[in-house]
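See below for the structure under consideration.
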Amino acid sequence: MGSKKTVWPKGLKSWGALKDHCRQDLKKRHLRDLFRRDPERFTRFSVEAEGLLLDFSRNLLTRKTLKLLNRLARETGVEVMRERMFAGEHINNSEDRAVLHVALRSDRDDPYFDGDFDATAAVHEVLDRMEAFVHAVHSGQYAGHGTGRHLTDVVNIGIGGSDLGIEMAVGALANYRAPGMRVHCVSNIDGVGLGDVLAKIDPATTLFVICSKTFTTLETLTNARAAREWFVQRYGAEAVRTHFVGVSTNHEAMDEFGISPANRFGFWDFVGGRYSLWSAVGLSIALGIGMDNFRALLAGGRAMDRHFRDAPLDANLPVLMGLLSAWNTNFLGCNSLAVLPYDSRLARFPAYLQQLHMESNGKARQRDGAKVTVDTAPVLWGEPGSNAQHSFFQLLHQGTQQVAIDFLAPVQASGPSQEQHDLALANMLAQARALSDGDCPQDRSWGQSPGNRPSTTLLFQKLDPETLGKLVALYEHKVFVESIIWGLNAFDQPGVELGKRLAREMTDAVAEPDGFQGGDASTRGMLDAIARWR
Ligand code: F6P
């Protein structure tokens, strides 16, 4: 890839062919006509695998598009890079790290190595410890300090990859909650979330899980220290060893915080934060839904890994989704992706996917440092339907921006009423149709909906742990495929560092605005206002 410096991927043959094909064959076509002309369109442009049905027939493409996109995947080396990832090569080149989140959901005999380090063995050792711990908490064998009371409330303190996956999965799998267990997620630095949670828990029955890959993140340590202070005031310092658990790659920092060795759960540098919910980072999920369900989540991820690794490109769900993303972003000009789950249990799924997509591929430099010459990650946003229909769907139907859309839904209700869920499904189908067809020229009474707006639908039977695992791994690998096409390293995040550095400077400035000399006119003006209104 190094030799393709300035031309990647624009200089590739398949890229040029796709450009020509888009201009000549598709720019003037309408999805409505493509459906009219080809009754087999759904069969041609849908794939069912691993219990997921991907309907991408409502994207503006033809068989030729798919052929060319497949060629693009080959030319960009998607298959080669996929092998290198599974083989534990250091494809996170800027940090010189392997990318082995797939090892986190491995079978015990899957051979995953980072050099000589047996990742599979290490992963299963931690999983077995997690299992023992979760069982002990649920059975009451591991209980409140001095009282022996059952621990029923888990407070996960983390942010980003140490929070979003947990909150998303705990919400998505609320139907699988272990009896009596409640999981609360605290992340934001402003202290509001922590205050709200502390107001409703009893320290005697609470387990705090301090979750941070680095154990240096300002938000997490601020909340963790505040939680510990609150706890010590009510329950004494002695009890911290029982009621605080740590999840991190930084054992020294957990030690300094006062987490007892038996309560430290580790993971490794070959796991990126936003790819880590399968590791000990998922401890709060496992405490919430039980280890059997957590293992089912892992099994779902593993099934998707195998599919991604083995299925031919044209029937490979993550490959297809990655290619569709490049097609919509780079050729059809969609600069955002709306993720619209028709299941309220998936309310935090878009937020989870935001970090996964935008922290991974929101980049303008390629793996070799060259400037990217095509658009990379589109802005990702979303809300559950049908709520969203009553807020921003106007823009999706008639706005001037082209938005790509992912609809997702289980067929079986996550709530108590299948009848009501069927209404949600009907709405989802109706919206997908309205977006692609638009209204006919004879019926413009509602204002013109031009249609020809792409959408993709993922349908599955039921939102259970295994299916959620498949969905998450599907999107992880989709992001990987996109990154290869765009020539990016999806596994670092250098762009977040500048803000963190300036925040340290601003912390002192906000504390003492008068003493602060640096900054520009805006910073000065805002600091003055803060001083006036505090
Ligand atoms: O600031 C971004 C980030 O580094 C994410 O990549 C990460 O998920 C998050 O912060 C939290 O980091 P940690 O788990 O080390 O606290």
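We count ligands from 1, going down the list as the structure has it; atoms in each ligand are counted the same way.
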Any side-chain donor near an acceptor of the partner, Tyr142 and Asn263, under 3.5 Å: yes

Ion pair Arg306/Asp107, N-O distance below 4.0 Å: yes

Pairs flagged by ring pair (Phe, Tyr, Trp, His ring centres under 6.0 Å) wherever residues 351-373 is involved - sequence neighbours left out: His357-Tyr475

Centroid-centroid under 6.0 Å between Trp278 and Phe294 rings: no

Contact residues of ligand 1 (heavy atom under 4.0 Å), by chain and number: Ile159, Gly160, Gly161, Ser162, Ser212, Lys213, Thr214, Thr217, Gln355, Glu359, Gln493, Val496, Lys500

Derivation of the side-chain hydrogen bond (donor to acceptor under 3.5 Å, both in side chains) call for Asn175 and Arg345: CA-CA 9 Å; Asn175 295 358; Arg345 292 270 186 255; 2.8 Å; yes

CA sep, side-chain torsions, deciding dist, call: His243, Phe208, ring pair (Phe, Tyr, Trp, His ring centres under 6.0 Å): CA-CA 6 Å; His243 289 254; Phe208 291 92; 8.1 Å; no

